[in-house]
2 protein chains.
Amino acid sequence: MHLSRRLRNERADIELSDSQFSVLAYLVRTGAHTPNELSVWEHVTPPSMNRTINALEAAGLVARTPDASDGRKVFVTATENGCAVVKETRRRRDAWLHSRLSALTPDERRTLEEATVILRKLVAP
Amino acid sequence: MHLSRRLRNERADIELSDSQFSVLAYLVRTGAHTPNELSVWEHVTPPSMNRTINALEAAGLVARTPDASDGRKVFVTATENGCAVVKETRRRRDAWLHSRLSALTPDERRTLEEATVILRKLVAP
DNA sequence: TGGGGTCATTAGCCAAGCTAATGAGTTAGG
DNA sequence: CCTAACTCATTAGCTTGGCTAATGACCCCA
């Protein structure tokens, strides 16, 4: 129906920064985390992460819920809408990547695949 | 003498942003350019490039010289000091990279080399 | 010789990082 | 058991490096 159209339009409106998308995708992938955990994961300071969370929350893509067992803590989770944004963005990225990769020979693709393994070793040995 | 020590200290003081270093290195590599040319090369707007040039000029790493044949234009060139900064930074980067690359097998290094060629094709076909 | 275009630059906005400070809540030591 | 120290999240306010709009000098063509 026109719900999917609405979704598209809404997403077109929303422009996420790299760090915002990164946090959102991380939440979708790994579930709820506290702001502190997120700041460590993203290598930014807690206030910076707080700002990122605020933006995502204002856009309705994540929600804060208090931790029942520790009043200081807060859990941040991706909303249904947030999951949808990640899924759709990934779909578009994959489409782009696929169109570029299809211009390569199978041999070239294999070389790239091996390279990613080596690069991973290089950066985090 | 202690001139080299002073150089090091001065360089330690100076913290160049990525875009500043990129412009400086480009000038060292390719000689004088106008601000406009630099902004096109770096994919930023002329005012942004102007700000970058100002910072480099204030640090004594580049100099502006008017174009004799066209009063609107200005040439930006790396100073001797700017060349030294680029050379030293490259030296340190190369040292780091070399230490990481030497942990790889020759086969792995060859794979990486081939991958860079393919990636270049992929990004700018 | 004057009017449209090109260049560098200035002014001022915004996003996203940072440090320092605050306040609520937890925990450990006496 | 209670207080002092710590741990979170959050707020306040700074800095940097992008941006657009505006300005002023200058070139060139008709």
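Chain letters run A, B, ... following the sequence lines, proteins first and then strands; every chain starts at 1. Any value given below was found using the heavy atoms of this structure, including those in side chains, with hydrogens, waters and symmetry copies removed.
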- Item | A:N81 CG to A:L61 CG distance, which is reported to the nearest 0.5 Å |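 If we round to the nearest 0.5 Å, A:N81:CG and A:L61:CG are 6.0 Å apart.
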- Task: Measure the CD1-OG1 distance between B:I53 and B:T34 for me, rounded to the nearest 0.5 Å.
- Result: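 It is 8.5 Å, given to the nearest 0.5 Å.
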- Nearest to the side chain of B:R51, which nucleotide is it out of D:dG18, D:dA9, D:dC27?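 The answer is D:dG18.
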- Choose from D:dT7, D:dG18, D:dC26 the nucleotide whose nearest atom is closest to any side-chain atom of B:D70.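 Side chain of B:D70 sits closest to D:dC26.
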Just to confirm, is there a sub-4.0 Å distance from OP1 or OP2 of [N] to any side-chain nitrogen or oxygen of [X]?
X: B:S48; N: D:dG17; value: no
X: B:Q20; N: D:dG17; value: yes
X: B:S19; N: D:dG17; value: no

Can you name the nearest heavy-atom pair linking [X] to [Y], along with the distance?
X: B:Q20; Y: B:A55; value: NE2-CB, 3.4 Å
X: B:T52; Y: B:S19; value: OG1-OG, 3.6 Å
X: B:V28; Y: B:A78; value: CG2-CB, 3.8 Å

- Item | Contact check, side chains of A:P66 and A:K73, non-hydrogen atoms, under 4.5 Å |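 SC-SC contact between A:P66 and A:K73 ruled out.
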- Span of DNA chain C in contact with chain B (heavy atoms, under 4.0 Å):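 Taking any atom under 4.0 Å from a heavy atom of chain B, the span is C:dG5 to C:dG12.
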For [X] and [N], what is the distance between atoms [atom1] and [atom2] respectively, to the nearest whole Å?
X: B:R72; N: D:dC26; atom1: CZ; atom2: P; answer: 11 Å
X: B:M49; N: D:dT20; atom1: CE; atom2: P; answer: 14 Å
X: A:E15; N: D:dC19; atom1: CD; atom2: P; answer: 15 Å
X: A:K73; N: D:dC6; atom1: NZ; atom2: P; answer: 18 Å
X: A:D67; N: D:dT7; atom1: CG; atom2: P; answer: 17 Å
X: B:N50; N: D:dG24; atom1: CG; atom2: P; answer: 16 Å

- Message: For A:P47 and A:S17, find the nucleotide of DNA chain C closest to each by heavy atoms; which residue's nucleotide sits nearer the 5' end?
- Response: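 First, find each residue's nearest nucleotide; the 5'-ward one identifies A:S17.
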- Message: Return whichever of A:P46 or A:A68 has its heavy-atom-nearest nucleotide of DNA chain C closer to the 5' end.
- Response: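 Its nearest nucleotide being more 5', the pick is A:P46.
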- Query: Considering only heavy atoms, which members of residues 21-41 of chain B lie under 4.0 Å from some atom of DNA chain C?
  - Reply: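 Contacting residues: B:T34, B:P35, B:N36.
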- Message: Just by distance, no angles: are the side chains of A:R72 and A:N36 close enough, under 3.5 Å, to form a donor-acceptor pair?
- Response: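 No.
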- Message: Under a 4.0 Å threshold between the charged nitrogen and the carboxylate oxygen, would B:E113 count as salt-bridged to B:R110?
- Response: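 No, B:R110 and B:E113 are not salt-bridged.
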- Query: Does NZ or CZ of B:R93 fall inside the cone over B:F21's six-membered ring, less than 6.0 Å from its centre and within 45° of the axis?
  - Reply: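 Output yes; distance and angle both within limits.
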